[in-house]
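Working notes, beginning with the structure itself.
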Amino acid sequence: KILMHLGVEIVNLNKKSLLHYYVINPDKTIRWIYPKSLKYPSFLNFYSASSIKAKILSSIIKILFKIKLGGFIKSDEFLLDQKENGLLDTILKRHKWDSYSIFTGTKGENRKVIIELNANRQTFLFVKIALTEGAKHLIINEVDKINFVKSLNFNSINLPDILGYDNTLGFLEQSNIKTKTCLQKIEFTDKHAVSLYEIYSKTSKLTNVSQSNFLSDITKNIQDIKITSQNKSTIGEYKIINLVTNLEILKDTIEGKDIFNVALAHGDFTPWNLYINGDKLNVFDWEMAEFEMPVLYDFFHFIFQSSILI
């Protein structure tokens, strides 16, 4: 279905076909697709090399490509026929490029395909393509939030430029702001702190707790946990009860306040979306950004996600 959405199909052989390699996920679904002719592993732009294990794997893949043994990492291969005026064909015709690679996205209601285009061994463009209505809404939100943040003229943050956007087709083209000199840190540094401080200083305000969106979201999430735990629980009944009890105590604490400090939140402020570039922080993926979120939400999200996923 993903290939059909992009306007390509697997074929036996014809003169327009191009041999592609692909790499699979642990569940045997396809993760990355790239032409056999790809000279360097540009698909690693989709891969977060935050942990030591990930850095080692990334280095091995780069070495294999450097010694022209990149084919060893493939899971298999197929011939793809690119349809005239299909979505992939339309995107590729818009730019000058040497090669490309495709990330098929994460399973779920907000699934997106991401294509990177590269030239002179450097990725210059990412294209997000929505596969669901939920993903379309996230792309719309990302465009809105990037434009808003750019209008504030931040001194400590770099954002990608929007190079193309089609709400009907559900795709967004963005520049690549991950340069070769950028650093990805799993620790929360002063650069991260300065960036969040500037966001809060320019967007924070006091709001009535009882009328806030985040309080209603907290209440809904607690109810969802209760319902989900009744249908399927793998962590034990006692732990679920303890989790819900603690969350309700926190919710009651928030409800006990009349006003609350809120600000713009990136929503996915994690090491894999952030790159230190000199005195600035390059920040990607604004699709989860929201206004009027509790101040320090992004700080908590960074610490929590880093401790779990890295």
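Counting begins at 1 with the first residue of the sequence.
- Counting only N and O atoms by type, the side chains of E116 and S101 include a donor and acceptor under 3.5 Å apart.
- Proximity of the aromatic rings of Y297 and F214 is defined here by a centroid distance below 6.0 angstrom, and this criterion is not met.
- Environment of NZ in K185: sparse, with no more than 12 heavy atoms of neighbouring residues, nucleotides or ligands closer than 6.0 Å.
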Using side chain to side chain donor-acceptor pair (under 3.5 Å), reason through N118 and S42 one step at a time and then give a plain yes or no.
CA-CA 7 Å; N118 55 81; S42 58; 3.2 Å; yes
Residues S48, Q184; criterion side chain to side chain contact (heavy atoms under 4.5 Å, CB included); working and verdict:
CA-CA 9 Å; S48 174; Q184 188 179 50; 3.9 Å; yes
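- Between F78 and H20, the ring-plane angle classifies as tilted under the 30° and 60° cut-offs.
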Working note: H192 + T189, criterion side chain to side chain donor-acceptor pair (under 3.5 Å); need CA distance, chi angles, decisive distance, verdict.
CA-CA 5 Å; H192 297 88; T189 70; 2.7 Å; yes
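- The backbone N or O of C182 sits nowhere less than 3.5 Å from a side-chain atom of N277 that would complete a donor-acceptor pair.
- Ring orientation note: the planes of F269 and F302 are tilted relative to one another, at an angle of 30° to 60°.
- In this model, a donor atom of one side chain and an acceptor atom of the other lie less than 3.5 Å apart for S156 and E198.
- Applying the ring-ring contact (aromatic ring centres under 6.0 Å, His included) test to F148 and every residue at least two apart in sequence or in another chain returns F291.
- Side chains of F43 and I61 form a contact here, defined as non-hydrogen atoms less than 4.5 Å apart.
- Using bins of under 30°, 30° to 60° and over 60° for the plane-to-plane angle, the ring pair Y100/W97 lands in the perpendicular bin.
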